[in-house]
Amino acid sequence: MQMSLPCVKQPDVITCKAAVAWEAGKPLVIEEVNVNPPQAMEIRIKVVCTSLCRSDITAWESQAIFPRIFGHEATGIVESVGQGVTEFTEGDHVLTVFIGECGKCRQCTSVSSFSEYTVVHSGCAVKISSVVPLEKVCLLSCGVAAGLGAAWNVADISNGSSVVIFGLGTVGLSVAQGAKLRGASQIIGVDTNPEKGENAKAFGITAFINPHDSKDPIQQVIKNLTDGGADYSFECIGDTGMVTTALQACCDGWGLTVTLGVPKVKPEVTAHYGIFLTGRTLKGSLFGGWKPKSDLPSLVDMYTKKEIQVDEYITHNLPFEDVNKAFNLMREGKCLRCVIHMAK
């Protein structure tokens, strides 16, 4: 007697709404797109919340490949899984991550989250507890985690040290939070937006400098405040010219500059070799040195225990239909993180 195998229904193509960028710097258009079923080692995610990252703005203003769906800082629920996926099942709550950790290869693909559904490689998602608020922890999939990691993993800030941070957006303020938790004695914030000075104190900034208010070069101001230069300097703007300033603001002998910003123009960094002969060091930071699957659950756990701040970075909550408002708010420097709610 020949037995027939049960028929397993395969996921269908999903038609959903997505915010599509057709031209650089032009408003996104919400329209219907088709999202294919997940293939081998992929998962399809129903995006619940996605927050707008500064790197989305940079890519939107300069990216040469269009049309394009931006977004990467997101949380969602697994809708279906592809062949070979054993780590996830339908209904799992996940963070999407842009660098991935599959455990088998050196790099994985990136994510698009300005869509109601998205398909990603299983290496680009991290399973999290179903009781954690998805509208908050989406920030840990990029900005907040990147800043904390730069302070803890890349720079390894020491107790009692001096720190200067150029750019007080979400990433810069996350560096400040990380420095504060490490016991830094001075945490100097530098930004041309005067409104950021007062709010920055809540994240650990002990002194605020607006370069427009100073007659002296900003690096000299910092050297005066830190008795010769900061132990650690962080460039969180995306201005390669500012990298040199950050290096000059460090102390001789052991001063360390970490660059996190994504440049809009002039990606090349130039600095006089004498800066390095004095013992200063320049380091890059990719996602704060975290391994997403291995390390992000511990950050989520720290959040649930109220050991790190996350909610405080959220200045706006907007429906998906207002995605262009989120872009304008960040472009104008009027927000830290806008959380875009995809679900009705």
Side-chain angles (χ1 to χ4, degrees), residues 18-19 21 28 43 45-61 63 68-77 93-101 108-121 123-128 132-150 167 169-175 177 236 238 260-262 285-288 290-293 295-297 299-300 303 308-320 322-327 329-331 335-343:
L28 279 60
I43 61 175
I45 300 168
K46 178 179 174 60
V47 179
V48 175
C49 288
T50 179
S51 45
L52 181 59
C53 177
R54 169 61 64 176
S55 60
D56 292 316
I57 297 286
T58 300
W60 170 61
E61 291 179 332
Q63 181 58 250
R68 194 178 183 93
I69 300 173
F70 291 110
H72 60 276
E73 202 173 83
T75 49
I77 301 171
H93 288 208
V94 294
L95 283 169
T96 60
V97 288
F98 69 94
I99 62 172
E101 183 190 353
C108 290
T109 56
S110 59
V111 198
S112 292
S113 63
F114 292 166
S115 173
E116 293 175 322
Y117 287 85
T118 188
V119 173
V120 303
H121 188 280
C124 289
V126 178
K127 188 186 299 186
I128 60 174
V132 177
L134 296 177
E135 71 277 10
K136 308 290 187 182
V137 295
C138 55
L139 274 65
L140 288 175
S141 73
C142 183
V144 174
L148 290 172
T170 297
V171 173
L173 291 177
S174 297
V175 172
Q177 180 183 178
C236 305
L260 295 85
V262 179
S285 178
L286 176 62
F287 194 48
W290 299 114
K291 292 182 179 179
K293 290 181 184 293
D295 299 327
L296 282 187
L299 282 181
V300 173
Y303 166 74
I308 58 173
Q309 296 172 274
V310 174
D311 299 12
E312 292 79 1
Y313 295 94
I314 301 171
T315 55
H316 298 78
N317 286 279
L318 299 171
F320 185 34
D322 289 343
V323 63
N324 285 305
K325 181 179 179 180
F327 272 69
L329 284 167
M330 182 165 282
R331 210 179 194 182
C335 72
L336 282 177
R337 275 298 189 264
C338 290
V339 174
I340 300 165
H341 297 254
M342 310 296 292

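Being a predicted model, the structure only gives us computed values, none of them experimental. Below, each value reflects all heavy atoms present in this structure, side chains not excepted, and no hydrogens, waters or symmetry copies.
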(message) Checking the side chain of W290 only, and the main-chain atoms of A145 only, is there a donor and an acceptor separated by less than 3.5 Å?
(response) yes

(message) With rounding to the nearest 0.5 angstrom, report the CD1 to CZ distance, I340 to F320.
(response) 7.5 Å

(request) Supply the atom-to-atom distance L329 CG to L52 CG, rounded to the nearest 0.5 angstrom. (result) 9.0 Å

(message) Give me the atom names and distance for the closest heavy-atom approach of F327 to I57.
(response) CD2-CD1, 3.4 Å

(request) Work out which heavy atom in A125 is nearest to a heavy atom in V120; give both atom names and the distance. (result) CB-CG2, 4.4 Å

(request) Return the minimal non-hydrogen interatomic distance between I69 and A18, and the atom names on each side. (result) CD1-CB, 3.8 Å

(request) Heavy atoms only: give me the nearest S113-M342 pair and the separation to one decimal. (result) O-CE, 4.1 Å

(message) Just checking K325: does its NZ atom have more than 12 heavy atoms from other residues, nucleotides or ligands closer to it than 6.0 angstrom?
(response) no

(message) As an exercise, state the distance from CD of E116 to OG1 of T50, rounded to the nearest 0.5 Å.
(response) 12.5 Å

(request) Let me see the working for L140 and V300 under side chain to side chain contact (heavy atoms under 4.5 Å, CB included), right down to the final yes or no. (result) CA-CA 8 Å; L140 288 175; V300 173; 4.0 Å; yes

(message) Tell me every residue that passes side-chain contact (heavy atoms from CB on, under 4.5 Å) with S51, counting only those two or more places apart in sequence or in another chain.
(response) E73, C138, L139, R337, V339

(message) Within this structure, what is the OH-NZ distance for the pair Y313 and K136, rounded to the nearest 0.5 Å?
(response) 14.0 Å

(message) So if I apply the side chain to side chain contact (heavy atoms under 4.5 Å, CB included) rule between I128 and each of L296, L134, L299, which one comes out positive?
(response) L134

(message) Keeping E135 on the side-chain end and C49 on the backbone end, is there a donor-acceptor pair under 3.5 Å?
(response) no

(request) Of all the heavy-atom pairs spanning V171 and G143, show the shortest one and how long it is. (result) CG2-O, 3.8 Å

(message) I need the minimum non-hydrogen distance between G147 and L260, along with the two atoms involved.
(response) CA-CD2, 4.4 Å

(request) Give, for atom CZ of F98 and atom SG of C142, the distance between the pair rounded to the nearest 0.5 Å. (result) 5.0 Å

(request) Let me know which of T96, T75, I77 forms a side chain to side chain contact (heavy atoms under 4.5 Å, CB included) with I45. (result) T96

(request) Under the ring-ring contact (aromatic ring centres under 6.0 Å, His included) rule, collect the residues that match up with F70, sequence neighbours excluded. (result) none

(request) Measure the CE-SG distance between M330 and C338 for me, rounded to the nearest 0.5 Å. (result) 6.0 Å

